[in-house]
Amino acid sequence: MSAPEEESPTPPGDDGGPNPEDWHPLDRRTALVTAILLFAIFAGSSVLIVIPIWAQSDAGPAALAWCVAGTVLITAGSAVADHLRWRTTRYRLTDTRLEMHSGILFKRRRSLARERIRNVDLTANILLRAFGLVRLSIGTGEKVSESEGQSIVLDPVARAEGERVRTDLLRRAGPAADPADETALAVWSPRWIRYVPMSVFTLLIAAGAAGAVFQVAEWFGAPELPVTWARSLADRFGAWPALLGAIVVFVVAGAVGLTALGVESWWNYRLERADGALRVRRGLLTSRSTSFEESRVRGVELVEPLGIRLAGAARLDVLATGLRADAEKQDAATLVPGSPREVTLAVAERILGVPLPADLRPHPRAARNRRLFRAALVIVGLVAAVCGLVVAVRPTAFWTSVLIVAAVVGSVIAVAVAVDGARSLGHALTPDHLVARHGSIRRSTAALSRPGIIGWRIRQSVFQRRLGVLTVTATTAASRGRYSVVDVGSATGLGLADEAVPGLLRPFLMSAEPMGADSEGVGARGD
């Protein structure tokens with residue numbers, strides 16, 4: 001059960017309410033911060049709007065006047081609204097609860113029981129840091145969405161106040177921990193920067209950069225300019241050198257952009273253990289501090305995207321209750337960023353208490369056959385697509401050769417991914433954890449605490465049934481909620497589930513009929 005939003009005592013200043021000295025306001029500089037931020041955003045947007053208009057018509061002065069007036073009005077109005085928010089928002093921390101009153105037109109009262117609080121995170125962008133402020137987000141662990149009533153956000157408060165509130169909320173019964181007792185599990189090394197651009201996102205940013213070139217040309221009234229440049233380069237250097245050169249330029253641009261994002265996000269990174277919690281500190285322009293109570297940690301996941309895996313690196317994520325389903329997309333679950341594999345393995349051992357198994361039990365040959373069959377389907381699709389384009393569009397000889405080369409490269413990659421994915425499959429069962437590994441482009445090795453498993457999902461498609469394999473999925477309250485042993489032998493998979501949590505699946509195994517095509521079995525742990 002989550003801590004519900006409850007009716008709180010009367011706000012300070014009302015008759016019969018609590019002592020006003022118990023309640024604290026947000027930092028009064030919030031209106032100034034809001035005004036500066038919005039002015040910068042709208043001023044920059046105005047520049048992008050005015051310059052193309054000024055270059056293409058005589059309406060530039062009028063557009064400038066409208067943009068300046070709009071920027072001033074929106075900035076002033078937002079600053080006034082934020083000042084009213086500051087005037088009407090108060091919070092207090094008692095021995096049992098954290099309470100907040102807010103609202104300008106509609107009053108809102110929120111209350112969280114202290115024993116239910118699990119997430120206490122501090123973030124500060126470059127503007128908040130300049131003023132010595134932070135954004136404090138407090139949640140119960142079950143939900144992190146403020147609209148669901150399971151979190152309170154204090155935005156902003158002074159950094160010292162934010163640290164004080166976090167320390168008080170995460171401290172359980174007993175004396176406060178001595179800062180000297182903090183143990184650093186991992187610290188940022190500038191050498192880790194080389195792993196940042198080894199990602200598929202580099203190609204995505206490169207594609208975005210190519211699209212941005214056409215968009216900027218459109219803004220300035222010359223949409224055909226990029227095509228003209230491309231033709232002139234092809235005439236001067238040849239079609240293939242021009243194409244390969246363009247690919248290299250955009251990939252380098254993507255790598256530079258992704259590296260800049262990675263450095264901003266992870267600079268000054270530090271993972272430490274103190275007061276029963278794991279704390280991640282990071283950020284260059286925007287500082288972030290995230291805490292995970294060790295009591296809600298259910299394991300770790302070693303993530304090895306293909307790029308950094310080839311360089312001998314990996315990333316370590318935490319499996320913990322209370323994390324969002326999209327936590328991985330926002331790096332909210334990451335304990336160690338891309339770094340040498342021995343670093344992530346050492347941190348995993350410190351957290352789990354035992355090393356991750358080096359040798360996992362391989363899966364049957366049928367699992368490899370399934371992946372090779374999928375690769376064959378991809379190759380057939382590529383060949384069909386190329387033939388269809390050649391017949392329908394009738395491209396030039398150059399573009400026909402480009403399509404053929406792309407199909408050949410795609411086919412080789414499909415087979416390589418299939419073989420590598422089959423080799424990556426494996427599982428193990430230790431006294432405390434279920435370990436499952438799968439994937440090629442993103443290879444994942446999850447070590448899930450056996451007491452944290454609350455149910456099983458057994459899935460067997462018609463193709464798996466023909467090959468004698470199935471997928472066993474452990475359900476848990478931690479992180480994504482499901483962690484699978486993929487394409488394992490039928491008898492081995494069912495035995496693994498029964499041994500991992502004795503008694504949980506046995507009644508279903510003893511009474512169930514043989515599984516049919518595309519069937520799914522479910523076992524859940526009762527209350």
Side-chain angles (χ1 to χ4, degrees), residues 44 48 125-126 186-219 225-227 229-230 233-234 237-269 280 282-288 302-317 326-344 402 405-406 408-410 412-414 416-417 420-421 439-444:
L48 296 178
N125 57 38
I126 188 170
V187 180
W188 170 260
S189 170
R191 291 178 297 177
W192 298 357
I193 296 175
R194 66 181 185 270
Y195 301 122
V196 176
M198 298 180 184
S199 168
V200 66
F201 290 105
T202 294
L203 302 179
L204 296 180
I205 295 178
V213 170
F214 285 91
Q215 183 62 59
V216 172
E218 179 72 25
W219 284 345
L225 187 60
V227 177
W229 285 349
L233 291 174
F237 300 104
W240 277 106
L243 177 62
L244 295 177
I247 292 174
V248 169
V249 168
F250 283 113
V251 168
V252 170
V256 171
L258 188 61
T259 300
L261 293 175
V263 170
E264 193 286 323
S265 181
W266 291 102
W267 193 263
N268 291 328
Y269 156 82
V280 178
R282 61 188 177 94
L284 180 61
L285 301 178
T286 298
S287 63
R288 306 167 183 86
L302 188 72
V303 182
E304 301 171 275
L306 182 60
I308 66 173
R309 174 154 60 99
L310 295 176
R315 186 185 85 220
L316 189 69
D317 290 354
D326 63 344
E328 293 180 355
K329 299 179 182 179
Q330 303 179 5
D331 292 330
T334 300
L335 291 178
V336 184
S339 56
R341 198 169 188 270
E342 56 269 19
V343 173
T344 55
V402 169
V405 170
V408 171
V409 172
V412 173
I413 292 176
V417 167
D420 181 65
S440 176
I441 302 299
R442 180 189 182 275
R443 189 168 78 177
S444 165

Heavy-atom neighbours of Y269 OH exceed 12 at 6.0 Å: yes
Side-chain touch F201/L261, heavy atoms, less than 4.5 angstrom: no
Pairs satisfying salt bridge (charged side-chain N to carboxylate O under 4.0 Å, His left out), at least one member in residues 239-264, at least two apart: E264-R288
4.5 Å side-chain heavy-atom contact, V263 and I193: yes
Within 6.0 angstrom of L285 CG, more than 12 heavy atoms from elsewhere: yes
Ionic contact status for R443 with E304, cut-off 4.0 Å: yes
Value rounded to 0.5 Å, distance of OG in S199 from CZ in R442: 11.5 Å
Distance-minimising heavy-atom pair for Y195 and G338: CD1-O, 3.7 Å
Flag, side chain of R282 to backbone of S265, donor-acceptor distance under 3.5 Å: yes
Considering all heavy atoms, the nearest A255-T259 contact: O-OG1, 2.7 Å
Separation between CZ of R309 and CE of M198, rounded to the nearest 0.5 Å: 13.5 Å
Contact summary for V280 and T334, nearest pair of heavy atoms: CG2-O, 4.0 Å
Non-hydrogen atoms of V336 and R315 that approach each other most closely: O-CG, 3.1 Å
CD1 on I441 to CD1 on I413, rounded to 0.5 Å: 8.0 Å
Shortest non-hydrogen contact from W188 toward W266: CE3-O, 3.4 Å
Check: G283 main-chain N/O paired with S287 side-chain donor or acceptor under 3.5 Å: no
Step-by-step side-chain contact (heavy atoms from CB on, under 4.5 Å) determination, L316 to V303: CA-CA 6 Å; L316 189 69; V303 182; over 6 Å; no
Rounded distance (nearest 0.5 Å) linking atom CG of D317 with atom OG1 of T344: 10.5 Å
W240 side chain reached by V402 side chain, heavy atoms, under 4.5 Å: yes
